[in-house]
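Contents: one structure, followed by commentary.
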Amino acid sequence: MSMRVPFLDLKAGYLEIRTELDVAYQRVMDSGWYIMGEELAAFESEFADFCGTRYCIGVGNGLEALHLVLKAYGIGPGDEVIVPANTYIATWLAVSQCGARPVPVEPVESTYNIDPERLEAAINSRTRAIMPVHLYGQAADMDRINDVAAYYGLKVVEDAAQGHGALYKGRRTGSLGDAAGFSFYPGKNLGAFGDGGAVVTDDGELAARIKSLRNYGSQIKYHNEIKGYNSRLDEMQAAFLRVKLRHLDQWNQRRRMLAQRYLKGLNSEIYLLPLVPDWAEPVWHIFAVRTSAREKVMAYLADNGIGTMIHYPVPPHLQPAYQELGMGQGSYPVSELIHREIISLPLWPQMSLDQQDYVIGVLNEAPSPAM
Ligand SMILES: *Cc1c(COP(=O)(O)O)cnc(C)c1O
């Protein structure tokens, strides 16, 4: 039996909650108020509750969320911020946008997240912050990262763009450092129908500064205390996100169920399967496996109608955009190895068990490295 299974089906998520989204759409349109209104205020309060933080500030996207946190901490030219070598380039760009320098640190090979053991070697007198990423929806080892940060007096800014609802020792991502940036890009676990992002924090001073920075440096209309930006989460996206937030735990639960089925069904002699440390409860933004026969496997899956992706094909330090850092091939071998072997498999909350069984069957017959 043959089937078509896309890598991701965002429309299935829309259709499942269409009537609730229609109500939200109508409410916003009828209100006559489209930027910085009641929907945003309500979403900010609901998302702060969800994360277990005191404040949430909606912004234009995930990159802006991270950038505004660093900016609000006064991080700029001459400063350094530690970032994972193994991440999406947005983490690095947030640092570069402030005029500071991203300093990469290798991941733990089995979890793909930043290696706490290697942090100290990257710290010097210019270091201001550490930005761990909860890659693929699994929390980084935050207690150990926070210990190092506390010892050297550094801020910890979580890049939680892939980790909505993920747990670390029972606590939600977003509440694990000094501040966190979330993205609501449509494909994220909590995704809008356009761009969106948020900062969450317990730090009231930081929250006030970001509220001002996102809106031209002004908290009172036409009174500009600092040079700010235009980076706001609009009423329509906030209203849609409020609807989707009500479903997030359940949708994450379905992702967990599907991830468990992959872990049980895939042949672990052919594929290196994700490792979940006992302190992590991931939300499986991405389910990625590794094989040295990646190109052959991806082609075989494509021939059988199955979509896959690579997160990510080229690490930030090897991108032309970061040529100026002068870090060639071999600078970050663990990250480079992961980038060479990783494949992301189809997984979304509405994926059917039949679709998944088909993917598992095809994967277990795909060409292996020895062939
Ligand atoms: C998606 C993502 C971002 C950026 O979010 P945008 O909303 O697209 O700006 C940042 N960091 C990571 C790890 C991401 O996956």
Side-chain angles (χ1 to χ4, degrees), residues 7-8 10 43 47 56-71 81-98 102 104-105 107 111-114 129-140 142 145 156-166 173-174 176-177 179-200 210 213-214 229-234 237-238 240-241 244 252 255 282-288 309-317 319 321-322 335 338-339 342 344 347-348:
F7 172 69
L8 175 65
L10 285 179
F43 172 71
F47 194 61
C56 168
I57 308 100
V59 297
N61 55 62
L63 173 57
E64 279 291 288
L66 298 168
H67 167 226
L68 292 179
V69 170
L70 299 177
K71 189 84 194 168
V81 175
I82 293 177
V83 294
N86 185 50
T87 182
Y88 180 54
I89 197 169
T91 319
W92 290 42
L93 290 175
V95 178
S96 301
Q97 280 187 5
C98 298
V105 165
T111 66
Y112 310 141
N113 275 323
I114 198 163
I130 305 174
M131 282 178 81
V133 176
H134 308 304
L135 199 71
Y136 304 155
Q138 175 165 297
M142 293 303 294
I145 295 166
V156 174
V157 181
E158 300 170 73
D159 178 343
Q162 302 189 0
H164 317 72
T173 60
L176 306 169
F182 282 91
S183 163
F184 306 126
Y185 180 78
K188 309 287 183 177
N189 286 36
L190 178 61
F193 295 89
D195 273 312
V199 173
V200 299
I210 290 172
L213 278 175
R214 75 169 170 190
Y229 302 86
N230 175 357
S231 181
R232 300 176 298 218
L233 181 64
D234 65 70
Q237 298 308 331
F240 290 151
L241 287 166
K244 290 190 81 177
N252 279 341
R255 288 177 183 268
V283 288
W284 304 99
H285 172 59
I286 284 168
F287 189 96
M309 297 272 278
I310 299 175
H311 296 95
Y312 297 91
V314 182
H317 72 276
Q319 298 280 2
Y322 278 107
S335 187
I338 294 166
H339 278 73
I342 205 92
S344 306
L347 192 159
W348 67 95

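In listed order, ligands and their atoms are each counted from 1. None of the values given here were measured: they were computed from a predicted structure.
Here the heavy atom of the protein found nearest to atom 8 (O) of ligand 1 is Ser183 OG, 4.0 Å. Scanning the protein heavy atoms around atom 10 (C) of ligand 1, the nearest turns out to be Ala90 CB, 3.4 Å.
Note: Phe47 and Phe182 meet the aromatic proximity criterion, with ring centroids under 6.0 Å apart.
Under a 4.0 angstrom heavy-atom cut-off, Asp159 registers as being in contact with ligand 1. At least one heavy atom of Lys188 lies less than 4.0 angstrom from ligand 1.
An N or O contact shorter than 3.5 Å links Gly62 to ligand 1 by distance. Residue-to-ligand polar distances keep Asp195 apart from ligand 1: every N/O pair is separated by 3.5 Å or more.
Between Leu63 and Gln97 there is a side-chain heavy-atom pair separated by less than 4.5 Å.
Ligand-side atoms of ligand 1 in range of Asn61: 7 (O), 9 (O), range being under 4.0 angstrom from any heavy atom. Against a heavy-atom cut-off of under 4.0 Å, Leu63 is close to the following atoms of ligand 1: 4 (C), 5 (O), 6 (P), 9 (O). Atoms of ligand 1 found under 4.0 Å from any heavy atom of Val133 (numbered from 1 in listed order, with element): 13 (C).
Pairing each heavy atom of Arg255 with each of His285, the nearest pair is NH1-O, 3.6 Å. Nearest heavy-atom pair across Pro132 and Ile145 is CB-CD1, 3.9 Å.
For the pairing with Pro102, the side-chain contact (heavy atoms from CB on, under 4.5 Å) check across Leu93, Val95, Thr91 returns one residue only, Val95. Test Leu10, Asn189, Leu8 against Trp348 for side-chain contact (heavy atoms from CB on, under 4.5 Å) and you get one pass: Leu8.
Defined by atom type and a distance below 3.5 Å, a donor-acceptor pair is missing between the side-chain atoms of Ser344 and Tyr136.
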